[in-house]
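For reference, the structure is listed below as structure tokens.
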Amino acid sequence: MITNDNSCRQTTDEHLQRDIICHHTVEVDKQHVSVTSDTPSAGSEEQFDYASIANDDGSEKAGHSHDQSEKGHHDHSEGKLFGSETDPGSLDIPNETQVKRATERKTMGKKIESLFKEGISWLEIKQYNNGFAIFAKLLQSAPALSDEYISKIINRIGTYLEDSDDPDIPEDLIQIPDSHLIQILKGLLDRRKWIPFLSIVRKHRESNASKVTFMELVGEICLEAVVGDPQFLRNTKRLDNLMRSLLDIGATIPNEGKICFQACIKNGHYGILPLLLSKGAHPKHLIIYTGDTPVHAALTIALTKVPGHFEALELLCKKFEEDPQEYNMCDPTAKDRYGDGLLHLALRQSGGSQFGKAIDILSQHIQNPSALNFKNKKGQYPSDCAKGIYSPIPDRPRRQKRKKKIATRRRGEEKNGGERR
């Protein structure tokens with residue numbers, strides 16, 4: 001009987017010792033330390049508890065909820081400690097390693113929150129390189145970050161990249177995982193932030209010594225949207241540089257350039273037309289006025305829209321010389337809907353500063369100048385148009401009024417003559 005009493009007393013002491021450890025675990029948890037799992041997440045050695053750093057209210061609620069759960073578990077375990085069916089080996093009791101890891105998680109979470117705030121502070125004072133470098137370091141440790149923090153960082157990068165014109169992308173930002181970099185690039189395209197998008201792609205290709213990265217995203221670029229972007233409305237030179245760069249990294253001209261031509265003409269970006277023609281846009285879609293041929297449109301641009309810019313006209317003439325069948329619409333001797341040739345258009349601007357250059361270009365690409373000396377539908381030769389600016393719209397209303405006046409005057413004269421007699 002003495003042996004049995006000693007055995008019972010020893011078992012009770014072991015249970016009380018385990019109960020004290022469980023109580024210690026609850027006290028640790030009240031300090032917002034998560035010890036819910038001992039298994040590291042995939043791709044990292046430790047799983048950080050970022051719920052405790054999302055915000056103060058959320059952390060207190062999470063800690064309180066976890067505290068109640070642990071307390072309920074403790075009470076439930078305590079009820080079984082003195083039962084006959086209790087198995088001491090089945091109790092989940094945290095050891096020193098678990099408590100140490102929980103403390104490390106909390107410390108690391110505070111460091112990440114501090115770095116996040118520091119990165120935002122740099123960006124707010126327009127120190128973009130410093131801010132992007134900090135965010136890049138956080139994203140490089142992505143396996144340890146929560147999805148919420150990854151989303152916040154990516155949105156911040158996209159927001160502040162749009163504020164910087166042609167930013168100098170830090171190397172650290174290029175080294176983040178491609179999955180996060182793709183999210184950043186998609187966000188830039190959605191916001192029509194073409195220049196930051198271009199800078200990141202270029203820097204990434206330089207870093208990886210490759211010219212084929214992100215080709216799927218580059219192929220999604222809508223060049224007509226770039227041409228029609230209001231930010232380039234009064235800055236054709238900047239748009240020209242951007243368009244050249246986008247085409248160099250793999251962007252393509254859709255629909256044979258028809259919509260791009262229309263966007264250029266609508267927004268007054270006539271200087272972009274030679275670039276489109278040289279990069280594969282078909283000349284047949286180049287029209288300014290109804291009934292124009294491409295060469296008529298190009299000459300009109302050089303004489304009136306962007307005086308002196310004859311690049312498009314020269315490109316079209318060269319295309320016709322290289323392949324007259326494919327580019328028959330670029331024939332410099334062609335007529336428009338009013339029967340006018342290029343010489344008709346040029347001579348109407350005979351008083352302009354670009355008249356002489358227009359005649360020189362036409363003489364270079366037309367072997368027989370007499371091929372331009374023909375009548376239009378109104379019976380006028382080119383030399384007739386040089387007397388004044390000719391409007392292709394017939395002036396029938398004026399002629400009718402003039403005829404009425406003449407007829408009225410004649411009737412008056414006849415009446416007056418009859419009275420005199």
Could you walk me through whether Glu220 and Lys186 pass salt bridge (charged side-chain N to carboxylate O under 4.0 Å, His left out), step by step?
-> CA-CA 10 Å; Glu220 294 178 3; Lys186 285 183 177 180; over 6 Å; no
Working for side chain to side chain contact (heavy atoms under 4.5 Å, CB included), residues Lys137 and Leu115 | CA-CA 9 Å; Lys137 290 179 180 178; Leu115 285 174; over 6 Å; no
Please test Phe232 against Trp194 for side chain to side chain contact (heavy atoms under 4.5 Å, CB included), starting from the C-alpha separation and ending with a verdict.
-> CA-CA 11 Å; Phe232 304 113; Trp194 320 110; 3.8 Å; yes
Just do the side chain to side chain contact (heavy atoms under 4.5 Å, CB included) check on Lys193 and Leu161 with the steps written out, would you?
-> CA-CA 8 Å; Lys193 305 305 174 184; Leu161 275 174; over 6 Å; no
I would like to know whether Asp323 and Lys319 meet salt bridge (charged side-chain N to carboxylate O under 4.0 Å, His left out); could you show each step before the answer?
-> CA-CA 6 Å; Asp323 192 345; Lys319 286 181 178 292; over 6 Å; no
Report the C-alpha distance between Leu299 and Phe310 in whole Å, list the side-chain angles of each, state the deciding distance to 0.1 Å, and finish with yes or no for side chain to side chain contact (heavy atoms under 4.5 Å, CB included).
-> CA-CA 7 Å; Leu299 182 59; Phe310 289 91; 4.1 Å; yes
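Judged by distance alone, the side chain of Gln140 and the main-chain N or O of Asp172 form a donor-acceptor pair under 3.5 Å. Put simply, the side chain of Asn241 never gets that close to the backbone of Arg238: no donor and acceptor are under 3.5 Å apart. No donor-acceptor distance shorter than 3.5 angstrom exists from the side chain of Arg192 to the backbone of Asp229, with no hydrogens or angles considered. No donor-acceptor pair closer than 3.5 Å links the side chain of Ser114 to the backbone N or O of Lys110. No donor-acceptor pair closer than 3.5 Å links the side chain of Ser151 to the backbone N or O of Asp147. Judged by distance alone, with hydrogens and angles left aside, the side-chain atoms of Ser278 form a donor-acceptor pair with the main-chain N or O of Pro274 at under 3.5 Å. With His269 contributing its side chain and Gly271 its backbone, the two residues share no donor-acceptor pair below 3.5 Å. Checking side-chain atoms of Arg337 against main-chain N and O of Asp292 turns up no donor-acceptor pair under 3.5 Å.
Here the CG atom belonging to Asp340 is positioned 10.0 Å from the NZ atom belonging to Lys335, to the nearest 0.5 angstrom. Interatomic distance, CG of Leu138 versus NZ of Lys152, reported as 12.5 Å (0.5 Å rounding). Once rounded to the nearest 0.5 Å, the distance linking SG of Cys385 with CD of Gln349 reads 11.0 Å. Interatomic distance, NE2 of His365 versus CG of Leu316, reported as 10.0 Å (0.5 Å rounding). Put simply, CZ on Phe320 and CG on Asn328 are 7.5 Å apart, with the number rounded to the nearest 0.5 Å. Between atom CG of residue Leu247 and atom CD1 of residue Ile221 there is a gap of 9.0 Å, rounded to the nearest 0.5 Å.
Proximity of Phe261 to Asn255: side-chain heavy atoms (C-beta onward) are nowhere separated by under 4.5 Å. Taking 4.5 Å as the limit, every side-chain heavy atom of Leu273 sits out of range of all side-chain heavy atoms of His309. Inter-residue side-chain proximity for His285 and Gln262 is flagged as unmet; no heavy-atom pair is nearer than 4.5 Å. Annotation: side chain of Ile176 is in contact with side chain of Ile184 (closest heavy-atom distance under 4.5 Å). Residues Leu188 and Ile200 have side chains in contact (heavy-atom distance under 4.5 Å, counting atoms from C-beta outward). Counting only heavy atoms from C-beta outward, the side chains of Ile287 and Pro294 never approach each other to under 4.5 Å. When side chains are defined from C-beta on, Thr293 does not count as touching Asp331, because their heavy atoms never get closer than 4.5 Å. Contact of the Leu313 side chain with the Cys317 side chain is registered, since non-hydrogen atoms from C-beta on lie closer than 4.5 Å.
The heavy-atom pair separating Ser245 from Arg202 by the smallest distance is OG-NH2, 2.8 Å. Minimum heavy-atom separation, Leu277 to Ala312: CD1-CB, 4.2 Å. Contact record, Glu224 with Pro254: OE1-CG, 3.3 Å, taken as the closest heavy-atom pair. In plain terms, the two heavy atoms of Gly228 and Asn267 that are nearest each other are CA-ND2, 3.8 Å. Scanning both residues, Ala358 and Leu303, for their nearest heavy atoms gives CB-CD2, 4.1 Å. What you find for Asp240 and Leu275 is that their closest heavy atoms are OD1-CD2, 4.0 Å.
A salt bridge links Lys117 and Glu113; the closest N-O separation between the charged side-chain nitrogens and carboxylate oxygens is under 4.0 Å.
Around atom CG of Asp190, more than 12 heavy atoms belonging to other residues, nucleotides or ligands sit under 6.0 Å away.
Proximity of the aromatic rings of His296 and Tyr338 is defined here by a centroid distance below 6.0 angstrom, and this criterion is not met.
The aromatic rings of Tyr149 and Phe116 lie perpendicular to each other, with more than 60° between the two planes, well past the 30° mark. Ring geometry for Phe132 against Tyr128 counts as parallel: the plane angle stays under 30°, on a 0 to 90° scale with 60° as the upper cut.
There is no side-chain donor-acceptor pair under 3.5 Å between His204 and Gln175.
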